[in-house]
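Here's the structure we're looking at; comments come further down.
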Amino acid sequence: MKNIQHESAKYQVSGEAIYIDDMLVSDRLLHAYIYTSPHAHAKILSFNLDKAKKVRGVHAVLSYKDIPGRNQMGPVFHDELVLAENIVECVGQAMFIIAAENQRAADEAMDFIEVEYEILKPVLTIKDAIENNSLLQPERKIEIGDINAGFASSTHILEGEFESGGQEHWYLETQICLTIPGEGNEIKAYCSTQHPSETQTIIAEVLGIGKHEVELECRRMGGAFGGKETQANHLAAWSSLLAVKTNRPVKLRLFRDIDQKITGKRHPYYYKYKVGFDDKGKIIAADIRHYLNGGYATDLTMAILERGMLHAENAYFIPNMKIVAKPMKTNLPSNVAFRGFGAPQGIFCIENIIDKIAFALKKDTVEVQKENFYGIDDKNMTPYQTKLNHNRLYVIYDQIIKSSNYVKRKLEIDKFNKENDFEKKGIALTPVKFGISFTTAFLNQAGALINVYNDGTILVNHGGTEMGQGLFTKIRTIAALEFGVSLSRIKINATNTSKVPNTSATAASSGTDLNGMAVKNGIGKLKKRLADFTADLLKNEHQMSSKPQDIVFESDLIYDKNYSQIKYKFEELIKKAYIAQISLSATGFYRTPDIHFDRAGGKGNPFHYYAFGMGVSEVSVDILTGSLTVLRTDILHDVGESVLPNIDIGQIEGAFVQGMGWVTGEEMKYDDKGNLLNYSPDTYKIPGVRDIPQDFRVKLLENYPNYNTIRRSKAVGEPPFMLGMSVWFAIKYALASVCNHTIQPNLTLPATNENILLAIDGLTK
Ligand code: MTE
Ligand code: HPA
Ligand code: MOS
């Protein structure tokens, strides 16, 4: 397929795209505000809302006592209250909600809310949590081989600990939900959510009504990145409570600063490791511990922890390996899904270990990486006891080492570093192997509803959501190809729970894989019906002995391939089918075959397939200021056979830059009372146009179609995020050159300018 434009692009560029905040509702619209906990950990001794309720322009002030259904919005584990009851467990936890005519009235009401607290001691860091044995859920373990025997037969052993930081999603459109009450119990909500069905569920449960009363719609999100996989539910619960109470439309939109303060982020990790290896750097045994900062509630922490464990070996065959992961509970907002979903953290750990092994053996890191890559036969068993098939690591490695001119550039960098004291350069390669499928197996399902109207236009409904990633554009392309019609016939409807029910989140990069297949399935049913009808028509109108299996759908025409002298125009045939009382609407469904995972045993086949990629980045670091320039990045990424190359390349570029942000400029700073200190763009630094690689070369791996997926493609949304780490390892290399590679820099993740300077300090003392 040749490139086509993102379906939202022209509306976004002209400003015509309608986001929820742009929707005109009525002059009865009320605005919602949240009163949140000022304390990280405190008992609520008493509260009084009477004065607040009397403020002019205020229509409702609600506490947990006003919830008609369940006071619960945890998606999997039910440990997250809609509104706090007796205790608050993080700064920013919702306590009361207000519906008001404007901000001024709401602010005044907030001032009149009276609460008495008994302050308790908060647990804020992972190390604090470990000391206090503060866990959200039990630890998990995956184990293969015998690590003790492995260590005994290793020539070298390394042990240590390090950390990786959090990350704010920084979607451009902050969290928002608009709820409109209808007659009886009916609720219609427009919500910026990756998971309309779950948002619908939470509204129904909180209001104590059936899901059939709740219709949830999402045209598109202004970015999500995992931040709207569960947290959109919270806004929906709060705005719906107020809408029902006031019987008026209620819009809840979080201001940027508030959004950043109260929503959860990427999980910070603390790692402990012990690794045994031979003289070549081949790992024989690894004992890995992941400790996650989960915040105060479980949310998706266990699924994130699991994906982190399932990526703890990244691209490497490690015969003896034990991975133990602990979900630590702290008094911070509950941390949530974020692009990569634990895999970046798991992969960073093993990549840093590989880098340390290379340093210890005075080898180039790429050699140690290659030495450890998964191979074939007895070198393809994962720690969770599935064989890695269709390994594309070697082909990508060979191509990118050549195309990036790695060997020559590294020599030039070493020479440059010898000749320059105040500017140092570094280069590094990061590989990724990313498992595609929800690790919660039943979530791997999708539905669609295809309506063909009797003018020959087609409306495609599917369960996926658009967040900028181009899902709708891909689905539209897939629908056109499957139906053999031009794109102009096809429109993708806003995602709506009354069109396609019981859907999974658009997450785990699987939006196109799952919904694309469901759409294909639905179109297949319609084509079958239309082929039967066409064969009959050819018999009746033209006395031809036509068979349904010979009917072709191509270029907006429908015909029998054996009688191509008679071709029906698509709209002509549709009209005839309608008159003949043939149903022109069909549902589609798909479930991913053959995946399963035994959590207790830590083994199984959790992924349908893997996506592979590699990135090589070269950086320059100013040793006096810590300032960073990314000079060049080469990426070679495997998307199977691309449905739309321009969309895929956009995803790779965006994911890389977001990954680069996580490992460089983005740092969360809290005070000792659990307040986030940098909650706006002036102090929280996401990558800008001047931070992206000056020379950015992204290529798709060619001639390696995928197996048993929609149009032989591979998922692309998350895997290239990991490649951003190549920037961090390149910085580490540049810094090591300050002391001629005699000391490993103690570089933290993120490598902010400040942290780079601190690492240099450590090298020169
Ligand atoms: N791209 C854009 N522009 N905006 C986003 O919010 N989210 C990412 C990725 N790419 C995101 C994005 C995340 S976290 C996931 S899981 C996938 O898109 C989800 O969409 P997909 O399954 O259709 O790839
Ligand atoms: N990714 C994103 N969301 C999820 C997953 C996953 O692997 N598993 C359950 N929810
Ligand atoms: Mo993406 S973190 O799976 O929403």
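The analysis underlying the following values was restricted to heavy atoms, covering all of them including side chains, and did not include hydrogens, waters or symmetry mates. Ligands are counted one by one from 1 in listed order, and the atoms in each one are counted from 1 as well. Note that the structure is predicted; figures quoted are calculated from it, not measured.
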Y269/F348 aromatic ring centres below 6.0 Å
no
Taking only heavy atoms of G511, which atoms of ligand 1 are found under 4.0 Å from at least one of them?
21 (P), 22 (O), 23 (O)
Considering distance alone, does some N or O of E718 sit under 3.5 Å from an N or O of ligand 1?
no
Would K228 pass as a cation-pi partner of Y171, given that its NZ or CZ must be under 6.0 Å from the six-membered ring centre and within 45 degrees of the axis?
yes
Distance col, row D648:CG vs S713:OG, nearest 0.5 angstrom, shows 8.0 Å
Test ring-ring contact (aromatic ring centres under 6.0 Å, His included) applied to H390 and F607, Y704, Y610, Y707, the passing residue
Y707
Do ligand 1 and A224 have nitrogen or oxygen atoms that lie under 3.5 Å from each other?
yes
Below 30° counts as parallel, above 60° as perpendicular, anything between as tilted: where do the rings of F696 and F656 land?
tilted
Below 3.5 angstrom, do we get any N/O pair linking S510 and ligand 1?
yes
Can you report which non-hydrogen protein atom sits closest to atom 20 (O) of ligand 1, along with the distance?
Q469 NE2, 3.1 Å
Salt bridge or not between E466 and R220? Use side-chain N to carboxylate O under 4.0 Å.
no
Residue, atom and distance of the protein heavy atom nearest atom 1 (Mo) of ligand 3 read E718 OE2, 3.6 Å
Judged by non-hydrogen atoms, does A715 sit under 4.0 Å from ligand 1?
no
R339-ligand 1 polar pair, N/O distance under 3.5 Å
yes
Mind telling me whether F721 and W662 have parallel, tilted or perpendicular rings, with 30° and 60° as the class edges?
tilted
Distance-only N or O hit between ligand 3 and A507, under 3.5 Å
no
Name the closest protein heavy atom to atom 3 (O) of ligand 3, giving the residue it belongs to and the distance to 0.1 Å.
A508 N, 2.7 Å
Can you name the atoms of ligand 1, numbered from 1 with element, that are less than 4.0 Å from a heavy atom of G468?
2 (C), 3 (N)
Residue and atom name of the nearest protein heavy atom (relative to atom 4 (O) of ligand 3), distance in Å to one decimal:
Q194 NE2, 2.8 Å
Test item: N293 side-chain N/O and P268 main-chain N/O as donor-acceptor pair under 3.5 Å:
no
Any chance you could measure I647, atom CD1, to S642, atom OG, to the nearest 0.5 Å?
9.0 Å
Filtering K228, R266, E229, R339 for the heavy atom nearest atom 2 (S) of ligand 3 leaves R339
I'd like to check which ligand 3 atoms, numbered from 1 as shown, lie under 4.0 Å from a non-hydrogen atom of G226.
2 (S), 4 (O)
Answer yes when D259 and R253 have at least one side-chain N-carboxylate O distance shorter than 4.0 Å, and no when they do not.
no
Electrostatic pair E168-K265, nearest N-O below 4.0 angstrom:
yes
Among Q658, H169, Q651, the residue with a heavy atom nearest to atom 10 (N) of ligand 1 is Q651
Proximity to ligand 1 by part of A508, non-hydrogen separation under 4.0 Å
backbone
Tell me whether M467 has any N or O atom under 3.5 angstrom from an N or O of ligand 1.
yes
Does R711 come within less than 4.0 Å of E482, counting only side-chain N to carboxylate O?
yes
Considering all heavy atoms, the nearest E229-A507 contact:
OE1-CB, 3.4 Å
Counting from 1, what ligand 1 atoms have a heavy atom of G223 closer than 4.0 Å?
6 (O)
Do the side chains of K433 and E313 get close enough for a salt bridge, i.e. N-O under 4.0 angstrom?
yes
Does the N or O separation between L471 and ligand 1 drop below 3.5 Å for any pair?
no
Distance, nearest 0.5 Å, that separates CZ of F338 from CZ of F225:
7.5 Å
Taking 4.0 angstrom as the limit and counting only heavy atoms of F338, give me the atoms of ligand 3 inside it, by number and element.
2 (S)
Find all atoms of ligand 1 within a distance of less than 4.0 Å from any non-hydrogen atom belonging to A507, and give their numbers and elements.
16 (S)
Write out the protein residues near ligand 2, meaning a non-hydrogen atom under 4.0 Å from one of its atoms, in order of chain and number.
E229, A303, R307, F341, F438, T439, T440, L443, A507, A508
Does G226 reach ligand 1 with a nitrogen or oxygen that is under 3.5 Å from one of the ligand's nitrogen or oxygen atoms?
no
State the CE-CG distance between M302 and L292, to the nearest 0.5 angstrom.
8.5 Å
Check whether N515 reaches the backbone of G463 with its side chain - one donor and one acceptor, N or O, closer than 3.5 Å.
yes
